[in-house]
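Predicted model only: the values in this text are computed from it and were never measured.
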Amino acid sequence: MSRTSAPAPVDQPVDTPLSHGLKQRHLSMIALGGVIGAGLFVGSGAGIAAAGPSIVIAYAISGLLVMLVMRMLGEMSAANPASGSFSVHAERAIGPWAGFTAGWAFWFLLCVAVGLEGIGAAKIMTGWLPGTPEWAWVALFMLVFCGTNLAAVKNFGEFEFWFAALKVGAIALFLGIGVLAILGILPGTDAPGTANLTGDDGFMPNGSEGLVVGLLASVFAYGGLETVTIAAAESEQPVQGVAKAVRTAMWRIALFYIGSMAVIVTLVPWGDPKVVEKGPYVATLEHLGIPAAGQIMNVVVLIALLSAMNANVYGASRMACSLVARGQGPKALGKVSGGVPRIAVLVSSVFGFACVLLSYWRPNDVFMWLLNMIGAVILVVWIFIAVSQLVLRHKLEREAPEKLVVKMWLYPALTWVALAGMAAVFVLMAREADTRTQLYYTGGLVLALAVVGYIRQVAAAAKGDVEPEAVDAGVGER
């Protein structure tokens, strides 16, 4: 297969024939809500238990790394919007094997995540309605979001718009209540001062080891931001949309993640067992005497899980469609009908549901094997993003500087700083027994994909299917 020979217009995505049904309000809210997930509401409790009040530092460090990654991704996506996002950029910068590896690894991550989120949402529903089977709730959720994604992309946008609005509203209300309590203005509460920050063994109670565990927990809580650059390709104004979303990433991360961690550890003793048992947000609201705090947060977590399921089915289907459009997968997955890759949506949903079934049939071996394989995939994706930006920025400055509407700060110094940070996270993972296992399994998955991708690249080159000059020129996908 050959590529087209003329570049697409700057303001249009160089991609498959997907629709452009997402409005700017959809894209803005997807970007805003993308940083608020169940990992923040529930998973952050383990990080607080390990790091104590220094969890704020852990989230600030990992948040800075994510800001750099998103800035790099935003630079490339604004210059060349594509539904394959970083997979397309990796193919242009490094080679088809890199696009193949990054794209299919991310697809695998999203599909397994859909299953995990379905299980989490089902557990909440069975808690409210005892006796109902979990698998039935998962099946219902899968049907709903598969149906949503099979329809026009604007339906996905509407679902995510309202899901994100509810999540943003919930965390904004939490932060507002927390600040009032810290100031001693909230009725029935006294200002805690710095007692919880400096007491009970101090700000870093478990030393640097605790901070490392908290840092690792925080890094993986930021997953989901990448979806906005995938969605941008189907928006009315791809370049402007992704540029605006990326430029607001800094204050969103600072406010929602770092701000809420600061509120929690200021108000609640870090050693309170409820922080892990019920989640830090529930523990904080109960500490402040907010009625029905547990049920309120269950509703919010349910919304976060359903939102993530919806977004991940969308992201997986678009990534699969993009890969096929570039000759990197089965042709059937790339069929677009009514502006929607419906077969890719179905396959991604079925794979997600299969992961749920494996969690019941083989929870101790096959399912854990899947979980370990996706453990560090997002870090691998970030490395591909950073390396791609180093290469493509140089080419853009030389060949099409007008496309640099979003620029990476202090290029190339901060890109190298980000790569060093990612390498440091890998080293830290290798030091911990649990995360070391994930590193091995993820490494095996990535290596297998890279080998297959390289063999395909060599075979394609031998047949004359690849035109390197078209890739270098930033031309779209096959």
Audit row: Leu390, Tyr411, side chain to side chain contact (heavy atoms under 4.5 Å, CB included) steps and yes/no = CA-CA 8 Å; Leu390 279 174; Tyr411 168 82; 4.1 Å; yes
query = If only atom types and distance count, is the side chain of Ser87 paired as donor or acceptor with the main-chain N or O of Gly99 below 3.5 Å?
reply = yes
remark   = For Cys321 and Val336 the tightest heavy-atom approach is SG-CG2, 3.8 Å
Interatomic distance, Ser62 atom OG to Ile57 atom CD1 [nearest 0.5 angstrom] = 11.5 Å
inquiry  = Evaluate Val350 against Met142 for side chain to side chain contact (heavy atoms under 4.5 Å, CB included), listing each step before the verdict.
reply    = CA-CA 9 Å; Val350 168; Met142 295 299 290; over 6 Å; no
query = Is the Phe108 to Phe351 ring centre distance short of 6.0 Å?
reply = yes
key: Rounded distance [0.5 Å steps], NE2 in His394 versus CG in Leu396   = 10.5 Å
message = Any side-chain to backbone donor/acceptor pair from Gln457 onto Trp97? Under 3.5 Å, distance only.
response = yes
request  = Determine yes or no for a side-chain-to-main-chain donor-acceptor pair under 3.5 angstrom, with Gln438 supplying the side chain and Asn372 the backbone.
outcome  = no
message = Between Cys146 and Val313, does the side chain to side chain contact (heavy atoms under 4.5 Å, CB included) criterion hold? Intermediate values first, please.
response = CA-CA 7 Å; Cys146 183; Val313 169; 5.7 Å; no
key: Side-chain donor/acceptor of Thr148 to backbone N/O of Val144, under 3.5 Å   = yes
query = Do Tyr454 and Phe100 have their ring centres less than 6.0 Å from each other?
reply = no
task = Walk me through it: do Tyr360 and Glu134 pass the test side-chain hydrogen bond (donor to acceptor under 3.5 Å, both in side chains)?
result = CA-CA 10 Å; Tyr360 294 117; Glu134 284 187 14; 3.2 Å; yes
message = Could you check whether Glu160 and Tyr314, counting side-chain N and O atoms only, form a donor-acceptor pair closer than 3.5 Å?
response = no
request  = Decide yes or no for Arg456 and Pro96: does some side-chain heavy atom of the first lie under 4.5 Å from some side-chain heavy atom of the second?
outcome  = no
request  = Can you see which heavy atom on Ala376 is nearest to which on Leu439, and at what distance?
outcome  = CB-CD1, 4.2 Å
query = Quick one: CG on Asn149 to CZ on Phe159, what's the gap to the nearest 0.5 Å?
reply = 9.5 Å
ask   = Can you name the closest pair of heavy atoms from Ala121 and Leu305 and give their distance?
value = N-CD1, 3.4 Å
query = Of Trp382, Phe106, Phe384, which is the lone residue that meets ring pair (Phe, Tyr, Trp, His ring centres under 6.0 Å) with Phe86?
reply = Phe106
request  = Please tell me if the side chains of Leu73 and Ser85 come closer than 4.5 Å, counting only heavy atoms from C-beta onward.
outcome  = yes
Separation of Thr415 OG1 from Met408 CE (nearest 0.5 Å) = 4.0 Å
ask   = Less than 4.5 Å apart, any side-chain heavy atom of Ser349 and any of Phe353?
value = no
inquiry  = Tell me if a side-chain donor or acceptor on Ser317 pairs with a main-chain N or O of Val345 at a distance below 3.5 Å.
reply    = no
ask   = Rounded to the nearest 0.5 Å, how far does OH of Tyr257 lie from CD1 of Ile55?
value = 12.0 Å
ask   = With Ala105, which residues qualify under side-chain contact (heavy atoms from CB on, under 4.5 Å), at least two apart?
value = Val377, Leu449
task = Check whether any side-chain heavy atom of Arg92 lies under 4.5 Å from a side-chain heavy atom of Val391, and answer yes or no.
result = no
Closest non-hydrogen atom pair between Val340 and Ala151, with its separation = CG2-O, 3.1 Å
ask   = Hey, does the side chain of Asn206 reach the backbone of Ala50 with a donor-acceptor pair shorter than 3.5 angstrom?
value = yes
ask   = Is there side-chain contact between Val417 and Leu65, with at least one heavy-atom pair below 4.5 Å?
value = no
request  = Would you check, one step at a time, whether the test side chain to side chain contact (heavy atoms under 4.5 Å, CB included) holds for Thr442 with Ile374?
outcome  = CA-CA 6 Å; Thr442 299; Ile374 67 171; over 6 Å; no
key: salt bridge (charged side-chain N to carboxylate O under 4.0 Å, His left out) evaluation trace for Arg431 with Glu209   = CA-CA 10 Å; Arg431 291 177 54 193; Glu209 289 299 316; 2.6 Å; yes
message = For Ser307 versus Lys167, what's the shortest heavy-atom pair and its separation?
response = OG-NZ, 3.2 Å
key: ring pair (Phe, Tyr, Trp, His ring centres under 6.0 Å) against Phe161, all qualifying residues, sequence neighbours excluded   = none
query = Is there a side-chain contact between Tyr281 and Ser260, using heavy atoms and a 4.5 Å cut-off?
reply = yes
message = Is the shortest side-chain heavy-atom distance between Cys355 and Val114 below 4.5 Å?
response = no
message = Side chains of Leu302 and Met125, heavy atoms from C-beta outward: is any pair under 4.5 Å?
response = yes
task = Quick one: pull up OH in Tyr59 and CD1 in Ile48 and give me the separation to the nearest 0.5 Å.
result = 7.0 Å
inquiry  = Per the salt bridge (Lys or Arg N to Asp or Glu O under 4.0 Å) rule, what does the pair list look like for residues 404-427, sequence neighbours excluded?
reply    = none
task = Without swapping roles, check the side chain of Asn310 against the backbone of Leu306 for a donor-acceptor pair under 3.5 Å.
result = no
ask   = Any salt bridge between Glu432 and Arg436, counting N to O under 4.0 Å?
value = no
message = Checking the side chain of Arg318 only, and the main-chain atoms of Ser83 only, is there a donor and an acceptor separated by less than 3.5 Å?
response = no
query = Between Ser348 and Ala344, is there a donor-acceptor pair closer than 3.5 Å when you use the side chain of the first and the backbone of the second?
reply = yes
query = Is a donor on one side and an acceptor on the other found under 3.5 Å between the side chain of Trp104 and the backbone of Gln328?
reply = yes
ask   = Minimum heavy-atom separation for Met76 to Ile385, with atom names?
value = CE-O, 3.5 Å
